[in-house]
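FYI, the numbering just counts along the sequence from 1.
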Amino acid sequence: MELKISVNFDFEKLAGKIDSLIGSYVEETAEKSAILSKKTIDSGRLAPLKTSTLRWRRSKGYPLIPPLKASGSLYNSIKTEQNTLVMNDYGKFHNDGTVPTTGARPFIAGLAFTNIKEREKINKKFLKNVNKALSSKKVIVSF
C-alpha cells in the first residue's frame, strides 16, 4: 500500500506574489475610479450651477453644462499615476464643497465606488489571482 500526503496550497508561493497582486488590484481600482469620476461629471447629475456661474461661462464661451467641465482643465487632469487617482488640487475642494462659493459636488469615485458591478468584477479577479498564486500540487510525504 502506498500512502501519499499532498497539499493543494502553498503560502510561500503566495507570499512571493502578494505584493504584485495587491499592486495590480490597487492600480485597476485607481483606473476604474478615474473612469467613473469622469462619467459622474459627464452625467450632469451634480448640483446645478448658480445663475452667476452660468453668466460667467457664457461670457467666456464655455459650455453651460455639465458642472465641473467649463474649460476641461479639471476633467482632463483626472488620471492615475503610480496606482493613485490624481487630479488638479481644486478637484477635491469641489468634491467636498470646501470652495467658498460652491456647494459640494461629489464626483470622485473611490474604493467604494457606486458601480457595484465594476467593484465586484475587480474583487473577483483579485480573488481568482490570489487563489491561483496559492494553489500547489506538492507531494509532502510518499510511503
Inset, instruction - Establish whether L46 and I65 are linked, either directly or via other cluster members, by ILVMFWY side-chain heavy-atom contacts under 4.5 Å. - result: no

Inset, instruction - Indicate, with yes or no, if L74 and F93 share a hydrophobic cluster defined by side-chain heavy-atom contacts under 4.5 Å among Ile, Leu, Val, Met, Phe, Trp and Tyr. - result: yes

What is the distance from atom [atom1] of [X] to atom [atom2] of [Y], rounded to the nearest 0.5 Å?
| X | Y | atom1 | atom2 | result |
| --- | --- | --- | --- | --- |
| I35 | I78 | CD1 | CD1 | 11.5 Å |
| K117 | K124 | NZ | NZ | 13.0 Å |
| L21 | K125 | CG | NZ | 11.0 Å |
| M87 | H94 | CE | NE2 | 11.5 Å |
| E28 | K121 | CD | NZ | 7.5 Å |

Inset, instruction - List in chain and number order the residues that pass side chain to side chain donor-acceptor pair (under 3.5 Å) with D96, two or more places apart in sequence or in another chain; answer none if no residue qualifies. - result: K92

Legend entry - Contacts of D10 that satisfy side chain to side chain donor-acceptor pair (under 3.5 Å) - sequence neighbours left out: K138

Might you point out which heavy atoms bring [X] and [Y] nearest each other, and give the distance in Å?
| X | Y | result |
| --- | --- | --- |
| K132 | K13 | O-NZ, 3.6 Å |
| L85 | I108 | CD2-CG2, 3.7 Å |
| A70 | P63 | O-CD, 3.5 Å |
| I122 | T29 | CG2-OG1, 3.8 Å |
| A47 | P67 | O-CG, 3.5 Å |
| G44 | P66 | CA-CB, 4.0 Å |

Inset, instruction - State which residues pass salt bridge (charged side-chain N to carboxylate O under 4.0 Å, His left out) with K17; sequence neighbours excluded, sorted by chain then number. - result: none

Inset, instruction - Would you please name every residue forming a ring-ring contact (aromatic ring centres under 6.0 Å, His included) with Y75, sequence neighbours left out? - result: none

Legend entry - side chain to side chain donor-acceptor pair (under 3.5 Å) pairs, two or more places apart, involving residues 43-71: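 Every side chain to side chain donor-acceptor pair (under 3.5 Å) pair that includes a residue of residues 43-71, provided the two are not neighbours, is D42-K69.
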
A side-chain contact here means heavy atoms from C-beta on lying under 4.5 Å apart; do [X] and [Y] qualify?
| X | Y | result |
| --- | --- | --- |
| L68 | T40 | no |
| E27 | T80 | no |
| Y25 | N123 | yes |
| Y90 | S73 | yes |

Legend entry - Polar side-chain atom of N76 near backbone of G72 as donor-acceptor pair, under 3.5 Å: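 Such a contact is found between N76 side chain and G72 backbone.
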
Inset, instruction - Keeping the roles fixed (side chain from N8, backbone from S135), state whether a donor-acceptor pair exists under 3.5 Å. - result: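 Not a single qualifying donor-acceptor pair exists.
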
Inset, instruction - Classify the side-chain pair N129/S24 by whether it contains a donor and acceptor separated by less than 3.5 Å. - result: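 The answer is no; no qualifying pair exists.
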
Legend entry - Other ILVMFWY residues reachable from L64 by side-chain steps of under 4.5 Å: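 Members alongside L64: L49, L54.
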
Inset, instruction - Would you sort out whether N131 and F9 count as a side chain to side chain contact (heavy atoms under 4.5 Å, CB included), showing the intermediate values? - result: CA-CA 9 Å; N131 286 331; F9 60 91; over 6 Å; no

